[in-house]
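A short worksheet on the structure shown next.
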Protein chains: 2
Amino acid sequence: MSLRKFEYFLAIAEEGSLSQAAAKLHIAQPSLSQQLRALERHVGGPLFERLSRGMRLTPTGRAFLPHARAAVRSADRAYGVARAVATGDAGEIEIATVSSIAAGILPQVLRTWHERRAGSAVRLHEFHHRNLLEQQVHDGLGDLAIGPRPSSWDGPVLSLGHEEFVVVLPATAAARHPGGVALGDLADRDWVLFGQEHGLNDLVHAACTLEGFQPAPAVRTWQVDAAARLAAAGVGPALLPDNALPAGLDAEVRPARPRLFRELTCYLRGEPQGLVREFVALLRQSPLGLRDHRPEGGRAIGLAPTDT
Amino acid sequence: MSLRKFEYFLAIAEEGSLSQAAAKLHIAQPSLSQQLRALERHVGGPLFERLSRGMRLTPTGRAFLPHARAAVRSADRAYGVARAVATGDAGEIEIATVSSIAAGILPQVLRTWHERRAGSAVRLHEFHHRNLLEQQVHDGLGDLAIGPRPSSWDGPVLSLGHEEFVVVLPATAAARHPGGVALGDLADRDWVLFGQEHGLNDLVHAACTLEGFQPAPAVRTWQVDAAARLAAAGVGPALLPDNALPAGLDAEVRPARPRLFRELTCYLRGEPQGLVREFVALLRQSPLGLRDHRPEGGRAIGLAPTDT
DNA sequence: GTCTAGGTATAGGCATTGCCTAAGTGAATC
DNA sequence: GATTCACTTAGGCAATGCCTATACCTAGAC
């Protein structure tokens, strides 16, 4: 049953002698003899022939040898790899997040991460709603979560700064909105909204409700960048986090008025270990490369448990 | 250190719960908890995260898992294979023999063996002298020896019958020797002999000495079938075991007069186990497919410790 | 033949390990 | 707030593993 017996067996096979193997293993010779006997009893036949000046493998022993070696090697590797991961030298981490962040901010961080630690892959889980994210991570999915501040959390929560929500309109509409865009001015437009159970949908609705209207849908989508492109194409205004806008979008992008912010955080179930600790440290150094707009001048949204 | 810990780890990872894994392993749950802790201490970090309703792999655990699985599999396989060999269901055996037998009789036996147990390969060690064979096998080479009866042996020795020595001459010489060929008649010929340290050389010399002459060499070889072909080509007479003659040899082959026999045996260092036992059983059933000539009417040679 | 040397097996003692039962803790649920 | 579920801690007991000392066997030397 014990790996030690395997190692003992290998040592005997290698040395061709019980006593020499015992010396190499730093144990007494009778102990080795005992262990070998036990192993042979378990196998059901002798593994070595006892010659007058040493031990020689029987056919049984020869058959046993390569697999025993493989077992010991695998075990060593298991310990080695696990230790490497535990100390943060290698491994793979799972990040759970909401889709707006996966599409928007994360790529920059992951590029930095990949440059620093080429060996360690990242697995990404995306959710469409902050509540779902929070619940799934709480239930054990992923090693860390990146998303809006969780509503109730007993593990560590690290603030990554705030992202601002912007209104996206066709490029031609630029002149009409030199500063920000008052949401109320768009009350009777048909909007580019998100799917009913998408976190950003709840959020847009909450913002509009505060301005005293319910946005009517021109179209609904589940893709953040699709929403941006639809708005740019003139389907209707969209309200999006600035960091989630696709690069090179041909559109007029203006802060909402009143200004709207959402705090982003990284949260975990427990104290981070190994690679996760490293990743969190990276986040702490450069908070997602986030353009952090202070929420002083504006309204912070996204704190109620029902939005993204 | 223990493989059991690996199995425990795998069970927990599979079940996602310590208590369920304990039930599956038929041990108490606290015992599992203890073992896991010990394993984690050894690895240097937690392998599982403790959630409120179960265990979840940490990145360390995820890294550990595949190697642990491989280790357990290899160990299982090691036991399985060894047991199979111990019971004679599979494996590989090493046979040590002298070259005249390897060239002559063994192929038939090995073909039968291969037909019966296609999975089990045979490794062959050939020696040029029975003394060398006996010494090497005594010192641990091979699982069994097939050769002339050993001069001093304390393990089992199984007689396989006798082979007769024949004189090989060119086909044209046939008429002159209707029955056997008296060695003395060839006393002044130049012989096809074997290398000085070859077992058959000693043997031919012993036989000729008994007839009162020393054979002069026309040529010396180390290959039994080369000797037969040289003799057939008329280089000189050769004295060979009949079973070692190559098939389809175009020559006159006659028994020596006086008739000369050599006993062949199978001998081992100890009681045969598993496959070796099977092989010995096969030998016992069909003694090498040997044409067994009774030595009654002739002289048995090859019993002194100096010939093959 | 006796003796010595090299190598493995057996015996008995002691510390460690592994498993058990019983009780404790913490979170989720009714 | 009581109950349930799941893991952890604590303490006892049997089994395992290693040790020293001794016995046994073979081979080689005197």
Side-chain angles (χ1 to χ4, degrees), chain A residues 1-9 11-42 46-58 61 134-140 150-155 269-270, chain B residues 1-9 11-42 46-58 61 134-140 150-155 269-270:
Chain A
M1 288 295 172
S2 160
L3 261 185
R4 194 169 341 204
K5 287 195 178 62
F6 280 51
E7 290 166 0
Y8 285 3
F9 167 84
I12 301 172
E14 204 170 300
E15 299 291 323
S17 151
L18 209 147
S19 40
Q20 280 175 256
K24 182 174 149 190
L25 294 166
H26 304 296
I27 62 170
Q29 168 268 320
S31 310
L32 234 194
S33 180
Q34 270 188 324
Q35 294 299 309
L36 176 61
R37 272 191 107 54
L39 185 60
E40 289 179 325
R41 210 179 318 124
H42 189 249
L47 294 165
F48 288 98
E49 233 179 298
R50 275 65 169 176
L51 302 177
S52 59
R53 40 181 90 265
M55 314 283 273
R56 182 184 175 273
L57 284 170
T58 60
E134 187 174 337
Q135 186 212 312
Q136 290 286 312
V137 172
H138 173 263
D139 289 352
S151 54
S152 95
W153 196 255
D154 51 356
R269 285 181 299 271
Chain B
M1 291 291 176
S2 160
L3 260 186
R4 194 168 343 203
K5 288 196 177 64
F6 280 50
E7 289 165 2
Y8 285 3
F9 166 84
I12 300 173
E14 204 170 299
E15 299 290 323
S17 152
L18 211 150
S19 41
Q20 281 176 256
K24 182 175 150 189
L25 293 166
H26 305 296
I27 62 170
Q29 172 268 323
S31 309
L32 234 194
S33 180
Q34 268 188 325
Q35 293 300 308
L36 176 59
R37 270 191 109 53
L39 186 61
E40 288 178 324
R41 209 179 318 124
H42 190 247
L47 294 165
F48 289 98
E49 230 180 298
R50 275 67 168 173
L51 303 177
S52 56
R53 40 180 90 266
M55 314 284 271
R56 182 185 177 274
L57 284 170
T58 60
E134 186 175 337
Q135 187 213 312
Q136 290 285 311
V137 172
H138 174 264
D139 289 352
S151 54
S152 92
W153 197 256
D154 49 359
R269 285 181 298 272

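In what follows, chains carry the letters A, B, and so on, assigned in the order in which the sequence lines appear, proteins first and then strands, with residues in each chain numbered from 1.
Using the six-membered ring where Trp is involved, B:His138 and B:Trp153 have ring planes that are perpendicular, over 60° apart on the 30 and 60° scheme.
When all heavy atoms are compared, the tightest approach of A:Leu32 to A:Ala22 is CD1-N, 3.3 Å. The nearest pair of heavy atoms linking A:Glu49 to A:Thr58 is N-CG2, 3.7 Å. Residue B:Arg269 comes nearest to A:Leu51 through the heavy atom pair CD-CD2, 3.5 Å, listed as atom of the first residue, atom of the second, then distance. Residues B:Leu25 and B:Ala11 come closest through the heavy atom pair CD1-CB, 3.8 Å. A:Leu39 approaches A:Lys5 most closely through the heavy-atom pair CD2-O, 4.0 Å.
Straight-line distance from the CG atom of B:Leu25 to the P atom of C:dC20: 10 Å, rounded to whole Å. Across the protein-nucleic acid pair, A:Leu47 atom CG and C:dT8 atom P stand 15 Å apart, rounded to whole Å. Rounded to an integer number of Å, the gap from A:Leu3 CG to D:dG17 P is 13 Å. Put simply, CZ on B:Arg41 is 10 Å from P on C:dG18, counting in whole angstrom units. Atoms CD (A:Gln35) and P (C:dT10) sit 14 Å apart, rounded to a whole Å. In this structure, A:Glu49 places its CD atom 13 Å from P of C:dT8, rounding to the nearest Å. Taking atom CD1 on A:Ile27 and atom P on D:dG17, their separation rounds to 11 Å, with Å as the unit. Protein atom CG of A:Leu36 is 17 Å distant from nucleotide atom P of C:dG7, rounded to whole Å.
Put simply, CD on A:Gln29 and OG on A:Ser17 are 9.0 Å apart, with the number rounded to the nearest 0.5 Å. Note that OG of B:Ser33 and CE of B:Met55 are 7.0 Å apart. Values are rounded to the nearest 0.5 Å.
In terms of position on DNA chain D, the residue among B:His138 and A:Ala28 whose nearest nucleotide sits closer to the 5' end is A:Ala28. Place B:Tyr8 and A:Asp154 on DNA chain C by their nearest nucleotides, and B:Tyr8 ends up nearer the 5' end.
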At a cut-off of 3.5 Å, list every protein nitrogen or oxygen paired with a nitrogen or oxygen from nucleotides 11-13 of chain C, distance to 0.1 Å.
none

What are the atom names and distances for every N/O pair under 3.5 Å that joins the protein to nucleotides 3-7 of chain D?
residue, atom, partner, partner atom, Å
D:dC7, OP1, B:Leu18, N, 2.8
D:dC7, OP2, B:Leu18, N, 3.4
D:dC7, OP2, B:Ser19, N, 2.8
D:dC7, OP2, B:Ser19, OG, 2.7

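Ranking C:dA9, D:dT9, C:dC19 by closeness to the B:Arg37 side chain, first place goes to D:dT9.
Contact annotation for A:Phe48: no contact, since no heavy-atom pair falls under 4.0 Å across all strands.
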Residue pair A:Phe48, A:Leu18: steps toward the side-chain contact (heavy atoms from CB on, under 4.5 Å) verdict: CA-CA 10 Å; A:Phe48 288 98; A:Leu18 209 147; over 6 Å; no
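In this model, the phosphate group of D:dC19 is approached by a side-chain N or O of A:Ser31 to a distance below 4.0 Å at OP1 or OP2.
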